[in-house]
Amino acid sequence: MTQTSDTDLPQGDTTTGAVRRPVERWREGAVRQVDDHVAEEVPVAFVYNDVPFAVMMATPVDLEDFARGFAISEGIVDAPGDVAIERVEHFIEGIEIRLRIPDARAEALALRRRSMSGRSGCGVCGSELLEAALRYPAPVTTDVRVSPESLGRALRALREAQSIAVLTGATHAAGWASLDGTLQLAREDVGRHNALDKLIGALHVTGFDPATGFLVVTSRASYEMAMKAASVGISLMAAISAPTALAISLAQRAHLTLIGFARDDGHAVYTHAQRLLPPPAPSPDAARTGRSFAP
């Protein structure tokens with residue numbers, strides 16, 4: 001592969017995860033030539049102990065968080081301390097992240113790699129056996145309690161934290177909030193799984209305990225999203241879109257509280273509803289008029 005120079009990089013601020021590209025904008029019968037912000041998407045290769053494992057299409061920001069989170073959530077290592085990033089190399093073809101893991105984990109990874117074929121864009125893609133395609137994490141043991149007000153506060157803060165999405169309209173976000181709804185961390189990526197992996201990596205780097213807060217995501221709640229959340233001890237995940245049937249099944253089995261359609265005006269709780277506190281009783285005036293004064 002050929003390493004890049006500054007002149008090889010796309011025009012624009014590549015640290016933001018967005019570049020500028022010309023576009024014809026059609027509005028109300030008029031056509032304008034403008035420069036638009038577009039989300040970056042590049043191949044990112046993970047190489048463990050000098051052996052290539054997977055190539056992911058990702059937004060090239062927070063890459064060290066991404067590498068650590070992927071290794072943890074995919075069960076490549078047992079603990080955050082088992083993975084060390086040796087270097088991140090930029091090539092014309094993409095980005096390569098070289099990591100070092102214990103020899104025993106590298107041997108297990110080699111066996112797993114030989115059972116995969118085709119692209120490795122997700123934890124299920126390329127698995128040849130049914131038992132290899134699905135991973136069920138150990139049940140979550142932490143019981144948090146989250147109020148609807150805290151959930152709404154975290155969702156609003158996550159919208160405000162999406163700097164790449166504001167520029168491009170093309171990225172997902174994952175955020176981790178404390179129990180009062182204060183958003184502590186957020187990460188973005190063109191891939192919803194990547195955004196969550198970046199967040200998981202960032203949680204471990206910053207020292208936050210995933211079990212002491214809750215997760216909010218701007219995507220649907222797929223099996224993989226639920227699996228990754230439960231695998232690191234998160235006990236409540238709220239998605240702004242719908243869950244899949246397999247995600248509900250995994251969440252039920254993993255003791256994960258799964259919330260879908262989380263919006264300003266309400267949400268749907270699919271599993272383990274005991275972690276979500278009931279809303280406050282309406283005031284007598286609200287009961288008489290049919291109005292709700294909840295935020």
Candidate pair R68 and E64, rule salt bridge (charged side-chain N to carboxylate O under 4.0 Å, His left out), full reasoning: CA-CA 6 Å; R68 289 190 179 93; E64 294 196 3; 3.7 Å; yes
Parallel, tilted or perpendicular: which describes the rings of F70 and F66, with under 30° parallel and over 60° perpendicular? perpendicular
R105 side-chain N/O to G75 backbone N/O, donor-acceptor pair under 3.5 Å: yes
Give every residue pair that meets the salt bridge (Lys or Arg N to Asp or Glu O under 4.0 Å) criterion with at least one member in residues 242-256, sequence neighbours excluded. none
Look only at the side chain of T218 and the backbone of A173, and say whether a donor-acceptor pair between them is shorter than 3.5 Å. yes
Below 3.5 Å, can you tabulate the donor-acceptor pairs from side chains in residues 196-216 to any protein atom, sequence neighbours excluded?
residue: D197; atom: OD1; partner: S73; partner atom: OG; Å: 2.5
residue: D197; atom: OD1; partner: K228; partner atom: NZ; Å: 3.1
residue: D197; atom: OD2; partner: K228; partner atom: NZ; Å: 3.1
residue: K198; atom: NZ; partner: T59; partner atom: O; Å: 2.8
residue: K198; atom: NZ; partner: V61; partner atom: O; Å: 2.8
residue: K198; atom: NZ; partner: E188; partner atom: O; Å: 3.2
residue: K198; atom: NZ; partner: D189; partner atom: OD2; Å: 2.7
residue: T206; atom: OG1; partner: A202; partner atom: O; Å: 2.8
residue: T206; atom: OG1; partner: L203; partner atom: O; Å: 3.3
residue: D209; atom: OD1; partner: A211; partner atom: N; Å: 3.0
residue: T212; atom: OG1; partner: D209; partner atom: O; Å: 2.8

Show your working on side chain to side chain contact (heavy atoms under 4.5 Å, CB included) between H272 and L256 and close with a plain yes or no. CA-CA 7 Å; H272 299 285; L256 170 70; 5.6 Å; no
Other ILVMFWY residues reachable from L167 by side-chain steps of under 4.5 Å: none
Any chance you could measure L183, atom CG, to R153, atom CZ, to the nearest 0.5 Å? 12.0 Å
State the CD1-CE distance between I95 and M56, to the nearest 0.5 angstrom. 13.5 Å
Expected output: side-chain T182 to main-chain S178 donor-acceptor under 3.5 Å: no
When clusters are formed by joining ILVMFWY residues with side-chain heavy atoms under 4.5 Å apart, either directly or through shared neighbours, do L155 and Y270 land in the same one? no
Partner residues of D50 under the side-chain contact (heavy atoms from CB on, under 4.5 Å) criterion, sequence neighbours left out: R98, R100
Checking P43 now: which residues fulfil side-chain contact (heavy atoms from CB on, under 4.5 Å) with it, not counting sequence neighbours? V55, M57
Main-chain N/O of T244 paired with R220 side-chain donor or acceptor, under 3.5 Å: no
Linked, directly or transitively: M237 and V140 (ILVMFWY side chains, under 4.5 Å): no
Could you give the side-chain donor-acceptor pairs of residues 24-31 under 3.5 Å, partners two or more places apart or in another chain?
residue: E24; atom: OE1; partner: W26; partner atom: NE1; Å: 3.3
residue: E24; atom: OE2; partner: Q33; partner atom: NE2; Å: 3.0
residue: R25; atom: NH2; partner: D36; partner atom: OD1; Å: 3.4
residue: R25; atom: NH2; partner: D36; partner atom: OD2; Å: 3.3

Rounded to the nearest 0.5 Å, what separates atom OG1 in T171 from atom CD in E41? 11.5 Å
Decide, yes or no, whether a salt bridge links R187 with D65 under the criterion of side-chain N to carboxylate O below 4.0 Å. yes
